[in-house]
Asks: 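Following this message is one structure expressed as structure tokens.
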Amino acid sequence: MSVIQIANTVTGWPGRRLIHNVLYIINLVTFSTLALRDWFSKNKLFDSRSYSTTVAQIIFTGVDALPTITFLGLATGFIFTFRLISISNTLGGTDDISDLLITVICLSAGPFLAAIIIISRTGSAIVVDLGNMKLHGEIEALENMGVNINDYLIAPRIISTAISQLAITVYFTVIALLSGILISALFVNPAHFAFIARIIDSFTPYLMSIFVIKNIIFGYVIATVACYNGLRVQKSATEVPQRTTASIVQSLSFVFVIDALLTFAIYI
Amino acid sequence: MQNQSIIQCEQVIPQQLPFDYSGDTLNFELSGGEVTSIIGPNYSGKGNWIRTICGLEDQSCGSIHIKGIDISDLSAKDWAMTRMKVAYLHEDTALLSAANGLINVLAPSLYHQLDKNLKKQLLVEKALELLEQIDPLINLDDLPAYLTKAHRYKIAVARALLLEPDVLALNNPFSHFNHEEKTQFQSFLKAQVNKGLSLLLVTHDIPYALDISDKIIFADQKNIHYFDSRQAILNCDIAEVNEFINNTENQGPENRART
């Protein structure tokens with residue numbers, strides 16, 4: 001094997017992977033754009049076409065996840081909020097602690113933990129659901145009756161998951177902050193109740209818009225990856241778990257990368 | 001509605017026939033209230049012919065018009081209209097596994113917003129009336145997995161009919177029915193035809209096909225023959241057609257097989 005061939009082999013693999021990944025991202029963007037285009041061209045926000053699918057998805061993704069999110073919020077409140085407030089005198093001013101809590105809980109841990117919950121619960125459920133529908137001919141039967149699956153099955157799932165991601169992050173953040181402040185105020189210093197007002201003051205519209213955009217992007221990406229993988233199931237039942245695993249891994253990777261890119265864009 | 005052409009096929013051959021075909025093309029027209037059956041030996045591509053006629057498979061040549069629109073160049077809106085007006089069901093047409101029988105029947109109609117013209121309650125009443133006519137014994141609260149194949153098929157038929165199609169295309173419709181259910185379902189189909197529905201059937205029940213059909217298409221791997229009446233097929237001098245009809249008349253319906 002010549003040096004050029006070895007060089008080609010060494011550089012070829014990362015190149016092929018890069019092209020593969022770029023094409024995959026283009027596929028995902030096209031897939032979700034077409035789904036949303038079909039949905040918005042026919043539907044009002046809650047139309048009879050997809051109302052039940054949208055509401056059912058919000059209930060499954062958002063409402064049904066509340067016990068888990070509550071537990072995680074309380075744990076995070078105890079681990080992070082309580083401890084950070086407890087050592088506020090050592091670290092410096094209370095304003096710094098408020099900023100730190102917003103950065104850690106609201107803009108980092110909250111969206112990230114909510115995304116992990118949604119990937120493991122909703123993302124996997126969407127892949128299995130759509131994969132089995134495809135496998136059993138349910139999607140073909142719908143299409144044969146003139147039902148556009150983009151606006152009947154895909155877009156409602158993407159929109160609902162994005163809404164739910166935002167809603168459960170808000171819920172998680174509130175629980176995590178309030179529980180930590182409450183414990184700290186009850187057991188360390190009652191003056192720590194003042195952190196509630198300070199955090200509200202420090203949570204500027206700019207930070208709030210970052211919070212909203214980040215969560216909507218996370219939910220959108222997770223649902224898009226799940227729907228795309230679900231519809232890639234062809235004929236064999238073994239493809240369903242394969243696509244589910246692929247969806248979870250890809251969603252996690254996207255969430256990490258998007259989080260890093262947003263952090264880079266905001267803070268650097 | 002009678003005599004108004006709904007499907008027109010000119011010189012059509014399905015693209016996805018699973019064998020080399022060098023026979024004739026199909027020239028055929030289906031009008032309102034007419035019944036056309038496609039019959040022929042096993043593995044003669046009857047499923048491909050019916051799906052192509054319905055616009056669900058591409059043709060290798062010729063043209064197909066559904067309600068005057070060339071199906072090779074359909075907009076998304078025309079595609080949806082075509083699929084509503086020509087309802088195609090095969091023997092194992094799937095229902096939504098996560099929805100019970102009644103929701104399955106209503107879902108496509110709600111999607112196409114038929115409840116805008118007809119209030120949702122009236123749509124539900126219409127669905128229930130349709131199901132009552134097809135089979136009053138179907139348990140509509142059960143998920144499809146808990147229903148018999150015959151009941152699932154009847155729900156699929158009700159789901160298609162609620163969309164008020166002009167043509168009901170059924171591929172091997174009686175395969176899950178016992179004798180009694182089959183007779184009952186055939187009576188139901190006849191009643192629908194009397195109301196103006198057109199039927200396009202692929203069936204192995206040759207006596208039924210000869211009895212109910214206005215037109216008959218015979219397909220085998222070598223050729224396709226079109227007959228515009230029952231008498232025309234019985235009086236024809238094509239050896240393979242006569243052999244097929246004579247053979248099936250000597251056999252029971254249990255000898256039917258897949259298309």
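Numbers restart at 1 for each chain; the letters A, B, ... are given by sequence-line order, proteins then strands.
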Asks: Do the non-hydrogen side-chain atoms of A:Met145 and B:Met84 ever get within less than 4.5 Å of each other?
Replies: no
Asks: With a sphere of 6.0 Å drawn around CZ of A:Phe78, does it hold more than 12 non-hydrogen atoms of other residues, nucleotides or ligands?
Replies: no
Asks: Under 4.5 Å from any heavy atom of chain A, what part of B:Leu95 do you find: side chain, backbone, both or neither?
Replies: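 Backbone of B:Leu95 only, per the 4.5 Å heavy-atom cut-off to chain A.
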Asks: Mind listing the closest non-hydrogen atom pair of A:Ala141 and B:Ala94 along with its distance?
Replies: CB-O, 3.4 Å
Asks: Identify which part of A:Ile139 has an atom lying under 4.5 Å from any heavy atom of chain B, answering side chain, backbone, both or neither.
Replies: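 Neither part; nothing is under 4.5 Å.
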Asks: What heavy-atom pair brings A:Gly146 and B:Ala80 nearest, and what distance separates the two atoms?
Replies: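 Heavy-atom minimum between the residues: O-CB, 3.8 Å.
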Asks: Is atom CZ of A:Phe31 surrounded by more than 12 heavy atoms (other residues, nucleotides or ligands) closer than 6.0 Å?
Replies: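 More than 12 heavy atoms, drawn from other residues, nucleotides or ligands, come within 6.0 Å of this atom.
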Asks: For the residue pair B:Leu96 and A:Leu142, establish whether any side-chain heavy-atom pair is separated by less than 4.5 Å.
Replies: yes
Asks: Between A:His136 and B:Ser97, is there a donor-acceptor pair closer than 3.5 Å when you use the side chain of the first and the backbone of the second?
Replies: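 Side chain of A:His136 to backbone of B:Ser97: no pair is present.
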Asks: Show me, pair by pair, the donor-acceptor contacts under 3.5 angstrom made by side chains of residues 66-77 of chain A, not counting sequence neighbours?
Replies:
from	atom 1	to	atom 2	distance (Å)
A:Thr70	OG1	A:Leu66	O	2.6
A:Thr70	OG1	A:Tyr171	OH	2.7
A:Thr76	OG1	A:Leu72	O	2.7

Asks: In residues 69-77 of chain B, which residues are in contact with chain A at a heavy-atom separation under 4.5 Å?
Replies: none
Asks: More than 12 foreign heavy atoms under 6.0 Å from OH of B:Tyr146: is that the case here?
Replies: no
Asks: Any side-chain heavy-atom pair from A:Val147 and B:Arg83 closer than 4.5 angstrom?
Replies: no
Asks: Under a 3.5 Å cutoff, is there a donor and acceptor pairing between the side chains of B:Tyr111 and A:Asn148?
Replies: no
